[in-house]
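Counting from 1, the numbers follow the sequence of the chain as shown.
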Amino acid sequence: MSIQFDPNIHARSHNSEVGAMKSILQRLSQTMQRDQLVQSTTDDLRKALQVDRVVIYYFYNQWEGQVTFESLSDRKFSIYGSTGPDQCFNDEYAELYLAGRARAIADIEVESIEPCHRDFLRHLNVRANLVVPILTTKGLWGLLAAHHCQGSKVWSDADIKRMEADALVLATSSSIKDN
């Protein structure tokens, strides 16, 4: 058995490492661009609606998810990483959002909602809530939610249309729809 020296072995190894590094940098750049789009969208939306918090709730599993982005009027309103009550969000609610439902609640204390939903919103210090779906070609990717924590809020048709338009922008961004 003879061992032959391959003078190109280091060049191939180097090219492979460079290719892997380029791939990692490209994914990192796409993630940063997505994060910047999402953060600017939620920041602009929070200011336009004059609310305490705008969040994105991402579904990582069948109706299980967590808050992955938030824009806050004050750090005390942070719920980053929060997960929802599994027993409240079920196939029935998912079907409504899959059909494009926008849900506006002016005051959780007087609105006719399920007790587990009211308790969940109370736990998050939500008084008024506006939620629209983020729909991709793969289905219900997540929810875009505006929360007013310091009091009730009457949501206008313009508020709802703005939320739906921003959810569409997020849904059609390449890094979300491919996720």
Gap between atom [atom2] of [Y] and atom [atom1] of [X] - 0.5 Å precision:
X	Y	atom1	atom2	answer
Lys138	Leu140	NZ	CG	14.0 Å
His123	Leu121	NE2	CG	11.0 Å
Phe59	Thr68	CZ	OG1	11.0 Å
Gln39	Asp44	CD	CG	10.0 Å

Minimum-distance pair of heavy atoms, taken over all atoms of [X] and [Y]:
X	Y	value
Ile79	Val67	O-CB, 3.8 Å
Ile160	Ala102	CG2-CB, 3.8 Å
Ala171	Leu135	CB-O, 3.0 Å
Ser73	Val51	CB-O, 4.1 Å
Gly100	Glu164	O-OE2, 4.4 Å
Phe69	Val38	CG-CG1, 3.3 Å

Do Thr41 and Asp166 have side-chain N/O donor and acceptor atoms under 3.5 Å apart?
no
Under a 3.5 Å cutoff, is there a donor and acceptor pairing between the side chains of Glu70 and Ser78?
yes
I'd like to know if [Y] and [X] are part of one continuous hydrophobic network [Ile/Leu/Val/Met/Phe/Trp/Tyr, side-chain heavy atoms within less than 4.5 Å].
X	Y	result
Leu144	Tyr60	yes
Ile108	Phe77	no
Leu143	Ile113	yes
Leu124	Tyr57	yes
Leu49	Val132	yes

The salt bridge (Lys or Arg N to Asp or Glu O under 4.0 Å) partner of Glu109 among Arg127, Arg122, Arg118 is Arg122
Between the main-chain N or O of Cys149 and the side-chain N or O of Asp52, is there a donor-acceptor pair closer than 3.5 Å?
yes
Side-chain (Asp119) to main-chain (Cys116) donor-acceptor, under 3.5 angstrom:
no
Are any of the side-chain nitrogens in Arg103 or Glu111 under 4.0 Å away from the carboxylate oxygens of its partner?
yes
Any side-chain heavy atom of [X] sitting closer than 4.5 Å to one from [Y]?
X	Y	result
Arg53	Ser71	no
Leu170	Ile56	yes
Asn129	His117	yes

Name the residue from Met163, Arg162, His148 that meets the side-chain contact (heavy atoms from CB on, under 4.5 Å) definition with Leu130.
Met163
Taking the six-membered ring for Trp, are Tyr58 and Trp141 ring centroids under 6.0 Å apart?
yes
Crowding at CG, Asp157 (>12 non-hydrogen neighbours, <6.0 Å)
no
Using the ring of Trp155 (Phe, Tyr or Trp, six-membered ring only), decide whether Lys153 places NZ or CZ under 6.0 Å from its centre and within 45 degrees of its axis.
yes
